[in-house]
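Contents: one structure, followed by commentary.
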Amino acid sequence: MKQTNWHVITGAPCAGKTAVIRELECRGYAVVHEAARAYIDAELGMGKDLAQIKADLPGFEGHILKTKVGIEAGLDPAAVVFLDRAVPDSIAYYQQAGLDPAEPFDCSRTFRYKEIFIFERIGFKTDEVRSEDDRIAAELDRLLEAAYRKLGYCPVRVPLMPVGERVEFILKSV
């Protein structure tokens, strides 16, 4: 396992991760945007709806996992990078979908992240790329923390607060 200087921002859907990633990017930090959201946005742009995009759930989750693996393989392990989700997030998504998480577990042993930040949940809001509901979001929150802990991490919980304060909370830990 190769040690990195990468910091993972994770948590249930609708926890405010994207807003914090965008703020970090505005402040000049290197970031990696969420692979699943980028893929879904691209597919929606080609005229598909969410049901069509996720019709083959094992294929969808496998594609997202492979995309994250490829992105991380291209990053400099010494660079300070903030990731909006990382490879181990796929463990939770596989489990939530009833899929065998063996492949994402194996892929999660390539790199060792510097820090894991799990965002406390805010009020759940649906949009055109979210297929989850509040119950599934709560389950994913639990599964995400469990996955990172099983890999030997001690995730830092980021409390509810305005975006700028969350960024400062994270930067103080970095």
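This chain uses plain numbering: 1 for the first residue, then up along the sequence.
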Quiz item: Testing V158, V8, T10 for side-chain contact (heavy atoms from CB on, under 4.5 Å) with I118, which one passes?
Solution: T10
Quiz item: M161 and F82: same hydrophobic cluster, using ILVMFWY side-chain contacts below 4.5 Å?
Solution: yes
Self-check item: More than 12 heavy atoms from other groups under 6.0 Å of OH on Y153
Solution: yes
Quiz item: Which value, rounded to the nearest 0.5 Å, describes the distance between T110 atom OG1 and E72 atom CD?
Solution: 8.5 Å
Quiz item: Are Y113 and N5 close enough that a side-chain donor and a side-chain acceptor fall under 3.5 Å?
Solution: no
Quiz item: What pair of heavy atoms forms the shortest contact from L50 to I40, and how long is it?
Solution: CD1-CG2, 4.0 Å
Quiz item: Would you call the rings of Y39 and H63 parallel, tilted or perpendicular if under 30° counts as parallel and over 60° as perpendicular?
Solution: tilted
Exercise. Verify salt bridge (Lys or Arg N to Asp or Glu O under 4.0 Å) between R157 and E120, making sure each step is shown before the conclusion.
Key: CA-CA 7 Å; R157 282 276 175 179; E120 292 294 339; 3.7 Å; yes
Quiz item: Are the side chain of R85 and the backbone of G11 linked by a donor-acceptor contact shorter than 3.5 Å?
Solution: yes
Quiz item: Which atoms form the tightest heavy-atom contact between P155 and E145, and what is the distance?
Solution: CG-CG, 4.4 Å
Self-check item: ILVMFWY network linking F111 to V87, side-chain heavy atoms under 4.5 angstrom
Solution: yes
Practice problem: Identify whether V69 and Y93 are in the same connected component of the hydrophobic contact network (ILVMFWY, side-chain heavy atoms under 4.5 Å). | Solution: no
Exercise. Find out whether V174 and E115 are in side-chain contact, i.e. whether some heavy atom of one side chain is under 4.5 Å from a heavy atom of the other.
Key: no
Quiz item: Going by an N to O cut-off under 4.0 Å, is there a salt bridge joining E23 and R27?
Solution: yes
Practice problem: Please tell me if the side chains of F119 and L160 come closer than 4.5 Å, counting only heavy atoms from C-beta onward. | Solution: no
Quiz item: Stepwise, does the side-chain contact (heavy atoms from CB on, under 4.5 Å) test hold for L83 with H7?
Solution: CA-CA 6 Å; L83 296 97; H7 305 273; over 6 Å; no
Quiz item: Cation over ring, R166 on F117, under 6.0 Å and within 45°?
Solution: no
Quiz prompt | Residue R112 excluded, over 12 heavy atoms near CZ under 6.0 Å | solution = yes
Quiz item: Would a distance-only check, ignoring hydrogens and angles, find a side-chain to backbone donor-acceptor pair under 3.5 Å from R109 to F105?
Solution: yes
Quiz item: Quick one: does Y148's side chain get under 4.5 Å of I91's, heavy atoms only?
Solution: no
Practice problem: Check whether any side-chain heavy atom of I9 lies under 4.5 Å from a side-chain heavy atom of L24, and answer yes or no. | Solution: yes
Quiz item: Can you tell if the side chain of E103 reaches within under 4.5 Å of the side chain of K66, non-hydrogen atoms only?
Solution: yes
Quiz prompt | Backbone N/O of A78 and side chain of W6: donor-acceptor pair under 3.5 Å | solution = no
Exercise. Establish whether V80 and V20 are linked, either directly or via other cluster members, by ILVMFWY side-chain heavy-atom contacts under 4.5 Å.
Key: yes
Self-check item: Value rounded to 0.5 Å, distance of CG in D89 from NZ in K17
Solution: 8.0 Å
Self-check item: Exam field: side chain Q52 to backbone D49, donor-acceptor pair closer than 3.5 Å
Solution: yes
Quiz item: Any side-chain heavy-atom pair from I116 and V156 closer than 4.5 angstrom?
Solution: no
Quiz item: Got a second to check how far E25's CD is from D84's CG, nearest 0.5 Å?
Solution: 10.5 Å
Self-check item: Where V31 and I21 come nearest, the two heavy atoms and their spacing
Solution: CG1-O, 3.8 Å
Exercise. Answer yes if Y94 and L151 sit in the same cluster of Ile, Leu, Val, Met, Phe, Trp and Tyr residues linked by side chain heavy atoms under 4.5 Å apart, and no otherwise.
Key: yes
Quiz item: Where do A36 and I64 come nearest, in terms of heavy atoms and distance?
Solution: CA-CD1, 3.6 Å
Quiz item: Do E61 and L99 have side chains that get closer than 4.5 Å, going by heavy atoms?
Solution: yes
Quiz item: So which heavy atom on P77 is nearest to which on L75, and how close?
Solution: CD-O, 3.3 Å
Self-check item: Heavy-atom pair with the smallest gap, counting every atom of P88 and S108
Solution: CA-OG, 3.3 Å
Quiz prompt | Flag side-chain contact, heavy atom, 4.5 Å: F60 against D56 | solution = no
Quiz prompt | Polar contact flag, side-chain donor to acceptor under 3.5 angstrom, S90-K68 | solution = yes
